[in-house]
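Below you'll find the structure, written out as structure tokens, and then a few comments.
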Amino acid sequence: MGTNVHLTPDLQSFVRACVDGGQYNNVSEVIRSGLRLLQEQQDRKRAFDAMIAKVLDDADSRGVREMDQVLRRVDAVIEAAER
């Protein structure tokens, strides 16, 4: 698929430096690499957003606990396990 991309002069210089430096064989490889990174970033953000939504749903359905309550419970479990 052929696509035209217009880059700012700074981005053009960066892409050219990547190719000239031997990191990539051509401009298309640089652009594809950047797009893959963008795609991975968006995938991670979607996964993070989904995790946050689940935690909020769990908190809504199970209720919220104060940190002191949680720490006391953890201490009790640890003490019971040590006996």
Side-chain angles (χ1 to χ4, degrees):
M1 171 174 102
T3 301
N4 291 324
V5 177
H6 298 281
L7 302 174
T8 64
D10 287 343
L11 287 175
Q12 287 177 353
S13 295
F14 175 73
V15 169
R16 182 52 45 205
C18 289
V19 174
D20 292 346
Q23 296 163 288
Y24 298 89
N25 291 321
N26 55 53
V27 171
S28 292
E29 284 185 6
V30 177
I31 300 301
R32 281 192 297 271
S33 179
L35 289 173
R36 278 191 293 275
L37 289 171
L38 179 60
Q39 188 176 36
E40 289 171 11
Q41 178 188 28
Q42 289 179 347
D43 289 346
R44 285 191 306 271
K45 184 179 182 320
R46 275 191 290 277
F48 180 76
D49 289 346
M51 179 192 66
I52 293 296
K54 182 181 182 325
V55 167
L56 292 174
D57 286 345
D58 287 350
D60 286 344
S61 65
R62 295 180 184 176
V64 179
R65 303 285 188 261
E66 294 291 326
M67 183 57 82
D68 290 344
Q69 290 175 313
V70 173
L71 293 175
R72 280 194 299 273
R73 177 72 178 126
V74 168
D75 288 342
V77 169
I78 291 171
E79 287 176 21
E82 290 175 346
R83 289 185 203 147

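The chain is numbered in sequence order, starting from 1.
Going from atom CD1 of Ile31 over to atom CG of Leu11 covers 8.0 Å, rounded to the nearest 0.5 Å. Atoms CZ and CD, from Arg36 and Gln39 in turn, are 9.0 Å apart once rounded to the nearest 0.5 Å.
In the hydrophobic cluster analysis, where Ile, Leu, Val, Met, Phe, Trp and Tyr join through side-chain heavy atoms closer than 4.5 angstrom, Leu35 is grouped apart from Leu37.
For Ser61, the side-chain contact (heavy atoms from CB on, under 4.5 Å) criterion is met by no residue, not counting sequence neighbours.
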Which donor-acceptor pairs under 3.5 Å do side chains of residues 12-24 form with protein atoms, sequence neighbours excluded?
unit_1 : atom_1 : unit_2 : atom_2 : d
Gln12  : NE2    : Leu7   : O      : 3.3
Ser13  : OG     : Pro9   : O      : 3.1
Tyr24  : OH     : Ser33  : OG     : 3.1

Can you give each donor-acceptor pair under 3.5 Å made by side-chain atoms of residues 40-59, sequence neighbours left out, with the distance rounded to 0.1 Å?
unit_1 : atom_1 : unit_2 : atom_2 : d
Asp43  : OD1    : Arg46  : NH2    : 2.5
Lys45  : NZ     : Asp49  : OD2    : 2.8
Lys54  : NZ     : Asp58  : OD2    : 3.0

Going through the checks in order, is the side-chain contact (heavy atoms from CB on, under 4.5 Å) test met by Gln69 and Arg73? CA-CA 6 Å; Gln69 290 175 313; Arg73 177 72 178 126; over 6 Å; no

